[in-house]
Amino acid sequence: MRQKERQLPGPPGRGPGDAVRRLRREAAEIRAAVRAAPRRTVVAESLVCALAAAFGLIPLLLIPPDRPVLAVLEALWAALLVAARRGRPVAAVLGAFPLLMGANVWVLAVVPLIVLSATRRIAPPRRAWRIVGVACAALGGLTVAAGLFRWETLPMMLAENSVSAVLLLLLPTLAGTMLGRRRPLVDLLRERNAYLEQTRTLTAAAARLEERTRIAREMHDLLGHRLSLISVHAGALELAAARQAPPLAGQVELLRTTAGTAMEELREILGVLRRTDLSDETGGDRGTYDDITALVTQSRQTGGGSVELVWSVPDTIEVGARVRQAIHRVVREGLTNVLKHASGAPVLVEVKGTDAGIEVYVTNGVPRVPGDSQGGTSSGLAGLEERISLLGGTFGAGALPDGGFRVTAWLPSHTTNGPVSAPSEARAHAGSEALPPSPRPPSGDGDTWRPGSNPPLSAQTLTWPRVLGAGCTAVLVVLPTAGFLIVLLVMAALG
């Protein structure tokens, strides 16, 4: 009984069908890479390939070569190698050496660019040198094979091709490997720089949080205890005044409620100091019409003078929480200054809403008793100026010609996390209404930069001049290649 012979499959990759499948797979990978690449990269590469082809073809119209068909094919082959240098750098280097013996001398200008760009993408560098060595050996073998029938010209051909190999293959490879080594080093330096910057930012944030926690603890231990005592004694005094001096009961009640409000505000401030995210401040009910009316009423009861409020903010204007908080601070600081420096003077509080933003004015007249001021350091006005500038607004405070005083501020309706610029019209309007800003005390430990000293360095330690300067050696290596090409092309044009 005869057994059927089984036909074993041949080794893979040796049949014509396998070669066709490999070519199809390669074409599919190329199409996928082109589709995945950014459009800008595809356009730039297309332009580079078109320029390479034009540089090899246009001179042929002016200076016809001996073998025009071969010269045209060499120009097209050079353009194909330019396109392949990014995705197939090894194939681009191995396919470039036959151009050194071709009939089209103009494509020689493209060869070093192909080799430099391809070897830059081959890692490790010794692999690039091995590939270039193979290309030089193949060039030598091709030169010997071409000179077998012309022994008298073989030494000259070997000398010419040796010089071409050194200048058009070896020197561009040296420059390409140098640039290839620089790229990972630059990436590593950028990564370390980003890590150090992030570490510095986190360290500074931790230091700020620790300092704010310490300040909050001190304020809680000192001010909290004092305000609690004031509130307790004010409550006892209110009971005694209700029995013995009823006309003073209202003033004592105001003292007790003020102490309670101060305790609540202290708790809010302590909460803000202990939070790491200050993008959304507490006190969402601050800066409203009811809140400003309460401030005006409280100031009227405490100072005894006339305090008027003009509120003209339309309901259609939406005011952010941070802006409302700033409105409350401006009005409160203005009324507090009136009580300290011009007690009993008439006061006008104006809050106006416009399309550009919110305008706040606190204006007082001449005090009843000139010179009756408790003094101050202007730290409140300086703090207001800083707060409003961070919100993107403008602030001003100063004396009026008739002897009064005005505090004015312009605020945008909505703010972002960073400082913004006020519109030019609103800034001009606020500048015409505002008076010279209050003097700001010099900061002892804030800004360390002073005029005349070197400004702080940028966070971007690795700047473009330094990156470009690191490649100067590679550029110097390519200079002999450029000189050789210029001489070669000039000789071709004159010949």
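Because only heavy atoms are used, hydrogens play no part in the values below, and waters and symmetry mates are left out as well, while side chains stay in.
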Shortest non-hydrogen separation from [X] to [Y] and the atoms involved:
| X | Y | answer |
| --- | --- | --- |
| L108 | P112 | O-CD, 3.0 Å |
| A326 | L411 | CB-CD1, 3.8 Å |
| V330 | A409 | CG2-CB, 4.2 Å |
| A79 | A52 | CA-CB, 4.4 Å |
| G353 | P314 | O-CD, 4.0 Å |
| V323 | P412 | CG2-O, 3.0 Å |

For R86, all residues meeting salt bridge (Lys or Arg N to Asp or Glu O under 4.0 Å), sequence neighbours excluded: E45

Atom [atom1] in [X], atom [atom2] in [Y]: separation rounded to 0.5 Å?
| X | Y | atom1 | atom2 | answer |
| --- | --- | --- | --- | --- |
| R329 | T336 | CZ | OG1 | 11.5 Å |
| R332 | L384 | CZ | CG | 9.0 Å |
| L339 | Q298 | CG | CD | 9.0 Å |
| T363 | F405 | OG1 | CZ | 10.0 Å |

Quick one, [X] and [Y] - any side-chain contact, counting heavy atoms below 4.5 Å?
| X | Y | value |
| --- | --- | --- |
| I327 | T288 | no |
| V90 | R127 | yes |
| I292 | L309 | yes |
| F395 | L381 | yes |
| E308 | V349 | no |
| V360 | T408 | no |

Y289: what forms a ring pair (Phe, Tyr, Trp, His ring centres under 6.0 Å) with it, not counting sequence neighbours? W311

Return the set of residues passing ring pair (Phe, Tyr, Trp, His ring centres under 6.0 Å) with W129 (not counting sequence neighbours), or none when no residue passes.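 Ring pair (Phe, Tyr, Trp, His ring centres under 6.0 Å) check on W129 returns nothing, list empty.
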
Run the side-chain hydrogen bond (donor to acceptor under 3.5 Å, both in side chains) test against E350 and tell me which residues pass, sequence neighbours left out. none

Give the C-alpha distance, both sets of side-chain angles, the deciding distance and a yes or no for side chain to side chain contact (heavy atoms under 4.5 Å, CB included) between R322 and L391. CA-CA 8 Å; R322 300 178 66 188; L391 294 178; 3.6 Å; yes

Show the atom names and distances, to 0.1 Å, of all donor-acceptor pairs under 3.5 Å that link a side chain in residues 114-125 to residues at least two apart or in another chain.
residue: S117; atom: OG; partner: R85; partner atom: NE; Å: 2.9
residue: S117; atom: OG; partner: R121; partner atom: NH1; Å: 2.6
residue: T119; atom: OG1; partner: V115; partner atom: O; Å: 2.6
residue: T119; atom: OG1; partner: L116; partner atom: O; Å: 3.3
residue: R121; atom: NH1; partner: S117; partner atom: O; Å: 2.8

Check whether any side-chain N or O of R324 sits under 3.5 Å from a backbone N or O of V319 as a donor-acceptor pair, and report yes or no.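 Checking the backbone N and O of V319 against the side chain of R324, a donor-acceptor pair under 3.5 Å is found.
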
Ignoring hydrogens and geometry, is there a side-chain-to-backbone donor-acceptor pair from N193 to L189 under 3.5 Å? no

Decide side chain to side chain contact (heavy atoms under 4.5 Å, CB included) for L81 and L99; before the verdict, give the C-alpha distance in whole Å, the side-chain angles of both, and the deciding distance to 0.1 Å. CA-CA 11 Å; L81 293 178; L99 298 176; 4.1 Å; yes

Test S299 against every option in L335, V331, V347 by the side-chain contact (heavy atoms from CB on, under 4.5 Å) rule and name the one that passes.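 It is L335, the one option of L335, V331, V347 that forms the side-chain contact (heavy atoms from CB on, under 4.5 Å) with S299.
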
For E359 and Y361, which I'm curious about, is there any donor-acceptor pair between the side chains at under 3.5 Å?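 Note: E359 and Y361 side chains meet the donor-acceptor criterion.
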
Can you give the donor-acceptor pairs under 3.5 Å from side chains of residues 166-178 to other protein atoms, not counting sequence neighbours?
residue: T173; atom: OG1; partner: L169; partner atom: O; Å: 2.5
residue: T177; atom: OG1; partner: T173; partner atom: O; Å: 2.9
residue: T177; atom: OG1; partner: L174; partner atom: O; Å: 2.9

Is there a side chain to side chain contact (heavy atoms under 4.5 Å, CB included) between L295 and H328 once you walk through the steps? CA-CA 9 Å; L295 284 177; H328 173 88; 3.5 Å; yes

